[in-house]
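First comes the structure, then the notes that go with it.
Because only heavy atoms are used, hydrogens play no part in the values below, and waters and symmetry mates are left out as well, while side chains stay in. All chains are named by letter (A, B, ...) in the order of the sequence lines, taking the proteins before the strands, and each is independently numbered beginning at 1.
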There are 2 protein chains.
Amino acid sequence: MFEHTSRHNNNDETVLPIPSNNETSYFDESWTEDDLKQIIRKMNLKVTPQRILILQTLHEGRVHITAQELYEKVQKINSDVGFATVYRFLKGMAESRVVTELRMGSMPTRYELTPKKHHDHMTCTACGKIVEFQNKNIEDHQEKVAKQYGFKLTHHVLELYGICTSCQMKK
Amino acid sequence: MFEHTSRHNNNDETVLPIPSNNETSYFDESWTEDDLKQIIRKMNLKVTPQRILILQTLHEGRVHITAQELYEKVQKINSDVGFATVYRFLKGMAESRVVTELRMGSMPTRYELTPKKHHDHMTCTACGKIVEFQNKNIEDHQEKVAKQYGFKLTHHVLELYGICTSCQMKK
DNA sequence: TTCTAATTGAAAATGATTATCATTACTAGT
DNA sequence: ACTAGTAATGATAATCATTTTCAATTAGAA
Ligand SMILES: [Mn+2]
Ligand SMILES: [Mn+2]
Ligand SMILES: [Zn+2]
Ligand SMILES: [Zn+2]
């Protein structure tokens, strides 16, 4: 459950498969240790082996991961990393917008490295599959709504829930 | 914080103030004890004074309320109501779709009696003001996205976050 | 190298929600 | 109305994710 993720670009009618992968690295690009250090420094934090390892594991691992899952992965590589550090760093990265928090229902928070282009999620409630999509029309209409009420939007949460094709057939 | 709520009907450009109220009853209509009993029976639950009181308080109280807040309100009227019962009944009503759960960020879940017409929420992160809106265009585009990926949608979560007019000025 | 504030990990604390379970109260059937 | 049988209740303990504490360690500026 909750293993399949694909990333697509969807401007209303168009579906453009981009990076897209299921279990492995988040971006096509790989990050050198220097890249990792740069990112950490950019958020005004000191570079520590723990933070490098956590960030690296996050980058190489599955796209939507929980703090617990990330902690376990990191543990296998270096057991000198406490889970408080994972939580702390994850929280810090969320504040710096380096990672994005995903709270789906009442399940534990999942994290993903904030992508260059914003996307939203559609989740199958039967098998946990997550489809990422972008839809400019929806985003535009959100801005319209905000403008109507005089709000200045900072962010939003859009999650679609339903049954995916394969789960519909299994039934 | 988190006290002002207004409900509007917003089909893209149009803003039609409907029932709308801030602190008091949810619907214009008032519910008799028989109404309350009917609702409870409809969800295949037995009618008890606790459930009547909880439902009544929910109906008369603020639109988006936490389990804790509801418990405290109910307590003042009849201290023979345990908070386990409040949580349990709230959970039951959520399953029967009598109430809708609102999970905003990491704050405690808020509940509202499920309205006849679906709406989404826009929240001011400075003062907690919640604006309810309906936007058919967004809903339509959501369905389009779902269709593209073969999903059958069951529900969705759309929350807009930003700064309201008055908070923008205060700054 | 030295100094000091930042970071760390283990463990305890928190806070919302849920589960337990002995007691009580509905209500269908008499 | 009376009773049995089941559902509901509430005090309390348990969960579980996340956060905090704090003493020990470490990064990195000078
Ligand atoms: Mn994603
Ligand atoms: Mn609402
Ligand atoms: Zn599925
Ligand atoms: Zn405000």
Side-chain angles (χ1 to χ4, degrees), chain A residues 2 33-34 36-55 57 64-96 99 101-111, chain B residues 2 33-34 36-55 57 64-96 98-111:
Chain A
F2 292 92
E33 186 155 320
D34 272 336
L36 300 169
K37 289 180 180 174
Q38 297 268 327
I39 294 171
I40 296 170
R41 288 205 192 89
K42 253 176 224 157
M43 38 181 161
N44 299 313
L45 294 177
K46 293 189 173 174
V47 173
T48 66
Q50 290 92 334
R51 284 173 175 163
I52 291 176
L53 179 54
I54 292 170
L55 187 50
T57 306
H64 307 100
I65 197 169
T66 65
Q68 186 62 38
E69 288 167 354
L70 182 54
Y71 166 66
E72 282 162 12
K73 268 200 148 183
V74 162
Q75 268 285 306
K76 286 178 188 162
I77 300 167
N78 181 350
S79 58
D80 291 341
V81 180
F83 78 135
T85 301
V86 173
Y87 269 103
R88 245 181 324 228
F89 189 39
L90 235 22
K91 191 184 65 180
M93 289 193 287
E95 274 165 14
S96 316
V99 300
E101 298 180 330
L102 256 97
R103 290 186 233 276
M104 298 183 359
S106 55
M107 352 200 65
T109 305
R110 288 182 177 275
Y111 298 84
Chain B
F2 292 93
E33 186 156 320
D34 273 336
L36 299 169
K37 288 180 182 175
Q38 297 266 330
I39 294 172
I40 296 170
R41 289 207 189 87
K42 253 177 222 159
M43 38 182 161
N44 300 311
L45 295 176
K46 293 191 173 174
V47 173
T48 67
Q50 289 91 335
R51 285 173 175 163
I52 292 177
L53 179 55
I54 291 169
L55 186 53
T57 306
H64 307 100
I65 196 168
T66 64
Q68 186 61 40
E69 287 167 355
L70 182 55
Y71 167 66
E72 282 163 10
K73 268 200 149 185
V74 162
Q75 268 285 306
K76 286 178 187 160
I77 301 166
N78 181 350
S79 57
D80 293 340
V81 181
F83 78 136
T85 301
V86 174
Y87 269 102
R88 245 185 321 232
F89 189 39
L90 236 21
K91 192 185 62 177
M93 288 193 287
E95 276 166 13
S96 317
V98 172
V99 300
T100 300
E101 297 180 329
L102 256 95
R103 288 187 234 275
M104 297 182 1
S106 55
M107 351 200 63
T109 306
R110 288 183 177 275
Y111 298 84

Grab the CD1-P distance between I40(B) and dA7(D) for me, whole Å please. 17 Å
Specify the separation, in whole Å, of atom CG of N78(B) and atom C1' of dA8(D). 15 Å
Specify the separation, in whole Å, of atom CE of M43(A) and atom C1' of dA6(C). 15 Å
Considering only NZ, NE, NH1 and NH2 on the basic side and carboxylate oxygens on the acidic side, decide whether K73(A) and E69(A) come within less than 4.0 Å. no
Among all residues two or more places apart in sequence or in another chain, which pass the side-chain contact (heavy atoms from CB on, under 4.5 Å) test with Q50(B)? T48(B), V81(B), T85(B)
Is it true that a side-chain atom of R103(A) and a backbone atom of P108(A) form a donor plus acceptor pair closer than 3.5 Å? no
For Y71(B), what residues pass the ring-ring contact (aromatic ring centres under 6.0 Å, His included) criterion, not counting sequence neighbours? F83(B)
Return a single string for nucleotides 16-30 of chain C, one symbol per nucleotide in 5' to 3' order, where B is base contact, S is sugar-phosphate-only contact and - is none, cutoff 4.0 angstrom on heavy atoms. SBBBB-----BS---
Would E101(A) and R110(A) pass as an ion pair if we require N to O under 4.0 Å? no
Which whole-number value in Å describes the distance from L53(A) CG to dA27(D) P? 14 Å
Whichever of Y71(B) and N44(B) has its nearest DNA chain D nucleotide further upstream toward 5': N44(B)
Rounded to whole Å, how long is the line connecting atom CD1 of I52(A) with atom P of dT7(C)? 14 Å
Over all atoms of both residues, closest heavy-atom pair of T57(B) and L53(B): OG1-O, 2.6 Å
